[in-house]
There are 2 protein chains.
Amino acid sequence: MLSNSAKYALKAVLYLALHTNEDNKLMVKDIYSRINVPQSYLAKLMQKLSKNGIISSSRGPKGGFYASNQNIDLPLIRVVEVIDGEQRLRSCMLSIHECDSENPCALHDLVGNANSFFIKNLEETTIKQLIGDVKSGKSVLPL
Amino acid sequence: MLSNSAKYALKAVLYLALHTNEDNKLMVKDIYSRINVPQSYLAKLMQKLSKNGIISSSRGPKGGFYASNQNIDLPLIRVVEVIDGEQRLRSCMLSIHECDSENPCALHDLVGNANSFFIKNLEETTIKQLIGDVKSGKSVLPL
DNA sequence: CGCAGAATATGATAAAAATCACATTTCGGA
DNA sequence: TCCGAAATGTGATTTTTATCATATTCTGCG
Ligand code: FES
Ligand code: FES
C-alpha cells in the first residue's frame, strides 16, 4: 500500500509541520533520530519533497528544512504521490493494472471500497488537519 | 499491503479453484500464461503453497497441481500469510510496529478501520466463496 | 570578499524482492 | 522393471528498494 519510503516521508512531513515554520528551521541531523529514519536516506527523501514543493528549505547558515503555511495546507496524498508515484496506491489488488470498479477483480469487493475510502481520505485531509489530532493528543507520531 | 508475490499466489489459487480438482490437474506450464505470472517464479510460489497445504499436488505422469475440496474451504488470509508472513498485513501505516488501536498513529483513523475491515474479510472469506462471484460473472480474474 | 554552514547532486553499496536455471526425486504406465 | 513426466530442492542472476558516502553549490555573516 504505502512503501517504506512513503511512511518515512509522511513522518518527516508531520514532524516538520509540528516543530518548524519559516522562522524555526531544522536540519536533517536534528530530525532523523526523532522519527527513527536513517540519516542519509531521510536526506534524500527530504530533497525530493523539497524539490516538489511539499516542504520548504533554505541553504547556508541559519538554513534548514521547514513547513510553510502553504505546505501544511497540502493534502496528504501529495506526499505519497511524490514518493511512490501516482499509480501505486491506485493499483488493483490482484493485478498490475489500475483498480477499476467497472471491471472489478475477484478481490475488489473485499477491499476496493476500503482502499478508495483510504485514498479519498488522503485526498481530503491536509497536513494541517492531521497534526491537529496529534497536538490534541488524539493520535501519536510514532517512532 | 499485498506483495507482488501474494497477488500472484492469489491469482494462482483462484485459477486452480476454478479449473482443477482431484481428477483434473494442471501443470505450471499450463497456468502461468493464463494468469500472466513468470513461469519459474510461479513454480516456486506454488511449491510453497503446496508445502503449506494451501493447494495440492501430485508428481509423475498425470500429476500436477490442483485445489481439493479441503483446500478451497480455506480462508483467503492463509494464502497471503504463507507468502507474505503474518505481520506484513497488520503493520502500522506509519511505522514498522504492528498497527495498534490502543496507540493509534496519526494516520490510523484514516486507514486503520479500512485496513482491519480488509483483514477481517480475508479471514472470513473462503476461496470457495470467492470463486462463486467469478463463476456468476459478478467479478473477474484479471490477467 | 571569503569562509563556514547548510541544502543539493551524484553515485556507490547493501539488502530484499523478483526472476531464472538446473539438478534431483517421485510416480504412473508401458 | 524402466522410462519419462511431473513436482521438488537448491541456488544463481537480475531488478528494485533501501542505505550510505562524498563532492558540489548556494547563502548569510563577519
Ligand atoms: S479491480 Fe482489483 S482491487 Fe479493484
Ligand atoms: S497505528 Fe498506525 S495504522 Fe494503526
Side-chain angles (χ1 to χ4, degrees), chain A residues 1-12 16 20 22-33 35-68 80 82-85 87-88 91 95-96, chain B residues 1-12 16 20 22-33 35-68 80 82-85 87-88 91 95-96:
Chain A
M1 179 124 67
L2 295 182
S3 72
N4 231 322
S5 297
K7 293 184 180 185
Y8 288 170
L10 279 168
K11 287 207 284 183
L16 285 183
T20 68
E22 283 84 348
D23 305 314
N24 192 8
K25 301 158 192 167
L26 285 176
M27 294 178 294
V28 171
K29 68 173 173 190
D30 299 321
I31 301 173
Y32 79 98
S33 60
I35 60 177
N36 200 35
V37 174
Q39 178 165 9
S40 32
Y41 192 29
L42 179 61
K44 229 172 207 179
L45 290 173
M46 307 230 331
Q47 285 175 206
K48 203 166 187 177
L49 292 172
S50 166
K51 175 158 31 177
N52 287 85
I54 311 294
I55 61 177
S56 308
S57 65
S58 71
R59 294 182 174 188
K62 273 296 258 171
F65 292 96
Y66 62 99
S68 70
V80 354
V82 160
I83 301 295
D84 279 349
Q87 77 280 54
R88 172 172 187 144
S91 77
S95 188
I96 310 299
Chain B
M1 177 125 67
L2 295 182
S3 73
N4 232 322
S5 298
K7 294 184 180 185
Y8 288 169
L10 280 168
K11 286 206 284 183
L16 286 183
T20 69
E22 282 84 350
D23 305 314
N24 192 10
K25 301 158 192 170
L26 284 176
M27 293 178 295
V28 171
K29 68 172 173 193
D30 299 320
I31 303 173
Y32 79 99
S33 61
I35 59 176
N36 201 36
V37 175
Q39 178 166 10
S40 33
Y41 192 29
L42 178 61
K44 228 173 208 180
L45 289 173
M46 306 225 341
Q47 287 175 205
K48 205 167 186 177
L49 292 171
S50 166
K51 175 158 30 174
N52 287 85
I54 311 294
I55 62 178
S56 308
S57 65
S58 72
R59 294 180 173 189
K62 275 296 257 171
F65 292 96
Y66 62 99
S68 70
V80 355
V82 160
I83 301 296
D84 278 350
Q87 76 282 54
R88 172 172 186 144
S91 76
S95 190
I96 310 300

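We name chains A, B, ... by the order of the sequence lines, and we start the count at 1 in each one.
- Residue A/Ser50 has its side chain nearest to C/dT8 when only C/dT8, C/dA18, C/dA6 are considered.
- As a whole-Å value, the separation of A/Met46 CE from D/dC20 C1' is 17 Å.
- Mapping A/Ala43 and A/Pro61 onto DNA chain C by nearest heavy atom places A/Pro61 at the nucleotide closer to the 5' end.
- Following rounding to the nearest Å, B/Asn36 (CG) and C/dA18 (C1') show an atom-to-atom distance of 14 Å.
- Rounded to whole Å, the distance from CG on B/Leu2 to C1' on C/dA17 is 15 Å.
- For A/Lys62 against D/dT27, a side-chain-to-base donor-acceptor contact under 3.5 Å is absent.
- Under the 3.5 Å distance criterion, with hydrogens and angles disregarded, a donor-acceptor pair is assigned to the side chains of B/Ser5 and B/Tyr41.
- Rounded to a whole Å, the OH atom of A/Tyr32 is 14 Å from the P atom of D/dT19.
- A/Tyr8 comes within 4.0 angstrom of sugar-phosphate atoms only, judged by non-hydrogen atoms across all strands, and of no base.
- OP1 or OP2 of C/dA9 sits under 4.0 Å from a side-chain N or O of A/Lys51.
- In this structure, NZ of A/Lys7 is placed 14 Å from C1' of D/dT17, rounded to the nearest angstrom.
- Counting atom types as modelled, B/Arg59 pairs no side-chain N or O with a base atom of D/dT8 as donor and acceptor under 3.5 Å.
- Nucleic acid contact for B/Ser40: base, since at least one base atom lies under 4.0 Å from a heavy atom of the residue.
- Whole-Å rounding puts the B/Leu45 CG to D/dT8 C1' distance at 14 Å.
- In this entry the distance linking OH of A/Tyr41 with C1' of D/dT17 reads 6 Å, nearest Å.
- C/dC20 atom P lies 9 Å from atom CD of B/Gln39, rounded to whole Å.
- If A/Asn4 and A/Ser58 are placed on DNA chain D by their nearest nucleotide, the residue sitting closer to the 5' end is A/Asn4.
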